[in-house]
Amino acid sequence: MAKITLSNLRHSYSPDPASRDDYALKHIDLDWNDGGAYALLGPSGCGKSTLLNIISGLLTPSEGRILFDGVDVTDLSPDQRNIAQVFQFPVIYDTMSVYDNLAFPLRNRGVDAAKIDQRVQEIATLLEVQDLLGRRASGLSPDNKQKLSMGRGLVRDNVNVVMFDEPLTVIDPHLKWKLRSKLKELHQRVKLTMIYVTHDQTEALTFADQVVVMDEGEIVQIGTPVELFSRPAHTFVGHFIGSPGMNVLPCEIRDKGAFFEGHSLPLEGKVRAGISGRTEIGIRPEFVSIGKKGLEATVVKVSDVGRHSVIQAMVGDTRLSAIIESDTPNQGDVVKLAFQQDQTRLYCDGWLASEV
Ligand SMILES: Nc1ncnc2c1ncn2[C@@H]1O[C@H](COP(=O)(O)OP(=O)(O)OP(=O)(O)O)[C@@H](O)[C@H]1O
């Protein structure tokens with residue numbers, strides 16, 4: 001296990017990058033603490049795989065250094081970095097048994113037979129493949145093949161980091177939640193440093209203690225799932241996390257207050273001093289309610305999603321979502337929307353600009 005430091009990293013796939021847009025990773029400075037469970041979350045193309053490949057040593061960054069426990073490993077090969085990686089698709093030896101597949105990474109490093117047996121049994125039990133140990137890997141279902149692939153990544157307890165790159169892509173939806181919670185349980189038991197790469201917020205939020213959110217080659221926020229939900233540092237995080245995502249409404253700042261469609265909307269706290277730029281109000285649909293007073297809005301869509309309804313309503317040209325627990329309005333109704341003040345945030349050029 002190790003603390004991993006990424007220092008002043010930049011990466012461009014172009015041999016001659018001319019502008020910031022030529023960089024797949026724009027500037028990354030980050031510590032992954034020893035024993036942490038991290039998710040690297042972001043949309044397709046934001047640079048997750050590039051970052052992962054730089055940590056694993058498959059890719060040399062254009063600029064910057066990678067340190068494991070303070071030791072510079074930038075010029076070391078993937079093998080010398082002593083890491084384990086689980087990919088989207090199973091990487092297993094089809095002709096070997098399940099047992100031998102799990103034992104392979106340990107045998108390869110000369111671990112003694114008793115210890116190998118103990119680890120193989122432990123990991124197989126955890127992943128619920130203990131009954132399959134004698135079977136040939138080629139005959140396994142796709143789910144079990146991927147479980148085996150994960151097992152191979154987890155079987156060594158002395159790796160610096162285990163990295164998972166969208167590992168549940170091939171897993172049946174009904175098994176996904178089970179494996180996600182298994183991985184979490186496993187992390188709590190083994191306390192290896194783990195980095196889980198995904199574009200799926202549910203996977204990231206269930207697995208990780210800390211979620212690193214990326215967009216366009218940059219880290220936009222690092223936080224616990226609760227922090228990302230409650231105070232998104234950027235409107236991108238507000239949109240990307242949550243279902244539906246945060247409402248972002250254009251606003252004007254006057255007399256130290258925020259005005260949307262001519263209405264004053266009380267913010268959570270003060271407007272940060274000295275801001276200038278495009279200003280927006282951010283409020284999650286969970287904190288918009290229908291009341292006797294508030295912004296007049298026309299309901300344009302109502303979706304019953306079980307425990308609550310999601311309504312969409314127009315205020316002028318702006319569409320808002322609200323999560324409504326009871327007394328759901330009908331499409332076409334004119335309602336009054338109220339915002340919970342301590343959840344009403346201000347953003348300037350995308351970044352959080354209200355203070356509490
Ligand atoms: N080998 C390559 N050559 C040139 N450009 C690349 C290469 N690999 C990735 N890119 C570009 O770098 C940027 C980041 O890609 P990357 O694959 O790291 O993103 P990602 O978040 O992992 O996306 P995905 O989830 O789709 O894999 C993208 O603009 C992509 O087109």
Side-chain angles (χ1 to χ4, degrees), residues 4-30 32 37-66 73-75 77-78 81 83-91 142 146 149-150 153 161-171 173 176 179-180 183 193-208 210-223 225 228 232-243 245 350:
I4 297 171
T5 304
L6 308 177
S7 169
N8 281 314
L9 276 193
R10 297 186 87 197
H11 188 73
S12 174
Y13 288 99
S14 151
D16 193 16
S19 74
R20 203 174 146 75
D21 287 347
D22 292 337
Y23 284 85
L25 295 182
K26 301 208 161 64
H27 181 213
I28 309 270
D29 254 323
L30 177 63
W32 311 80
Y38 291 94
L40 185 55
L41 175 69
S44 184
C46 73
K48 303 182 297 294
S49 304
T50 304
L51 190 55
L52 208 62
N53 289 338
I54 286 174
I55 297 173
S56 68
L58 292 170
L59 195 64
T60 306
S62 312
E63 294 172 33
R65 314 302 299 168
I66 302 108
V73 299
T74 318
D75 300 320
S77 68
R81 292 189 191 190
I83 54 174
Q85 211 165 347
V86 179
F87 299 94
Q88 271 189 10
F89 298 101
V91 179
Q146 186 62 345
S149 196
M150 284 186 180
V161 55
V162 188
M163 302 199 289
F164 300 91
D165 193 356
E166 308 258 6
L168 302 182
T169 307
V170 296
I171 303 285
K176 275 190 182 182
L179 273 182
R180 273 202 307 266
L183 274 180
T193 310
M194 292 188 184
I195 302 177
Y196 188 109
V197 173
T198 181
H199 63 270
D200 181 318
Q201 55 164 310
T202 315
E203 281 182 26
L205 302 181
T206 17
F207 171 74
Q210 289 281 317
V211 182
V212 178
V213 185
M214 280 186 78
D215 186 34
E216 296 184 355
E218 283 183 292
I219 292 172
V220 281
Q221 190 168 5
I222 303 171
L228 297 180
H234 194 278
T235 49
F236 170 79
V237 180
H239 275 302
F240 198 68
I241 289 173
S243 179

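Whatever order the structure lists them in is the order used to number ligands and atoms, beginning at 1. As a basis for the values below, the full set of heavy atoms in this structure was taken, side chains included, without hydrogen atoms, waters or symmetry mates.
- No donor-acceptor pair under 3.5 Å is formed between the side chain of T198 and the backbone N or O of A204.
- In this structure, Y38 and W32 have perpendicular ring planes: the angle between them is above 60°, well past the 30° mark.
- The structure places CD of E166 at 8.0 Å from CG of D200, a figure rounded to the nearest 0.5 Å.
- Few gaps surround CD on Q210; more than 12 heavy atoms of other groups in view lie less than 6.0 Å from it.
- Residue P43 places a heavy atom under 4.0 Å from ligand 1.
- Ranking the protein heavy atoms by distance from atom 17 (O) of ligand 1 puts S49 CB, 3.8 Å first.
- For G42, the heavy-atom gap to ligand 1 stays at 4.0 angstrom or more.
- With respect to atom 16 (P) of ligand 1, the closest heavy atom belonging to the protein is T50 OG1, 3.7 Å.
- Exactly one residue among D215, V211, V220 makes a side chain to side chain contact (heavy atoms under 4.5 Å, CB included) with V237. That residue is V220.
- Annotation: atom 25 (O) of ligand 1 to nearest protein heavy atom, K48 NZ, 3.2 Å.
- Aromatic ring orientation, F240 versus F236: parallel (interplanar angle below 30°, classes split at 30° and 60°).
- Protein heavy atom closest to atom 6 (C) of ligand 1, with residue, atom name and distance, is Y13 CD1, 3.3 Å.
- The existence of a salt bridge linking R20 and E218 is confirmed by a sub-4.0 Å separation between a basic side-chain nitrogen and an acidic carboxylate oxygen.
- The presence of a protein heavy atom under 4.0 Å from atom 30 (C) of ligand 1 is ruled out.
- Annotation: C46 places an N or O atom under 3.5 Å from an N or O atom of ligand 1; distance criterion only.
- Of all protein heavy atoms, the one closest to atom 26 (O) of ligand 1 is S44 OG, 2.5 Å.
- If you number the atoms of ligand 1 from 1 as listed, the ones under 4.0 Å from a heavy atom of A24 come out as 12 (O), 13 (C).
- One option in G47, G45, S14 has a heavy atom closer to atom 13 (C) of ligand 1 than any other, and that option is G45.
- Not counting sequence neighbours, the partners of T206 by the side chain to side chain donor-acceptor pair (under 3.5 Å) test are R180.
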